[in-house]
Amino acid sequence: MTAIQVATLRLVYCGLSSKQIARLLGTSPHTIDARAGRATKNLGLQERGDAARWVMANVPGPYERLIYELMAVAPPLASVATPRPVEPG
């Protein structure tokens with residue numbers, strides 16, 4: 001597995017979408033999907049989430065700071081608050 005595949009899967013593990021990861025890594029969402037797909041296939045797994053969990057459990061590395069810095073730049077969509085309509089007063 002390449003270093004960029006590992007980095008991609010770590011970001012998948014953090015809940016970032018292909019679009020968010022692509023923006024952070026300066027590539028296209030299609031490229032991100034291809035990287036994650038190849039890594040998942042090479043591991044003999046079916047889902048990229050499973051590959052992401054495998055990477056986090058089995059590939060050592062000082063990645064925590066990188067992930068938190070990247071998440072500060074582009075937090076997962078689920079963590080972004082949805083504006084609520086203002087009720088007339």
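- Annotation for Leu9 and Ala36: closest pair CD2-CB, 4.1 Å, computed over non-hydrogen atoms.
- The shortest side-chain heavy-atom distance between Gln20 and Leu11 does not fall under the 4.5 Å cut-off.
- Put simply, CG on Leu16 and CZ on Arg23 are 8.5 Å apart, with the number rounded to the nearest 0.5 Å.
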CA sep, side-chain torsions, deciding dist, call: Val55, Gln5, side chain to side chain contact (heavy atoms under 4.5 Å, CB included)
CA-CA 10 Å; Val55 164; Gln5 287 173 328; over 6 Å; no
List the steps, then state whether side chain to side chain contact (heavy atoms under 4.5 Å, CB included) holds for Thr31 with Leu25.
CA-CA 10 Å; Thr31 300; Leu25 300 181; over 6 Å; no
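- Looking only at side-chain heavy atoms (C-beta outward), Ile32 and Thr27 come within less than 4.5 Å of each other.
- Sequence neighbours left out, the pairs with a member in residues 31-45 that pass salt bridge (charged side-chain N to carboxylate O under 4.0 Å, His left out) are Asp33-Arg48.
- Heavy atoms only, all atoms of each residue included: Pro29 and Ala22 are closest at N-CB, 3.4 Å.
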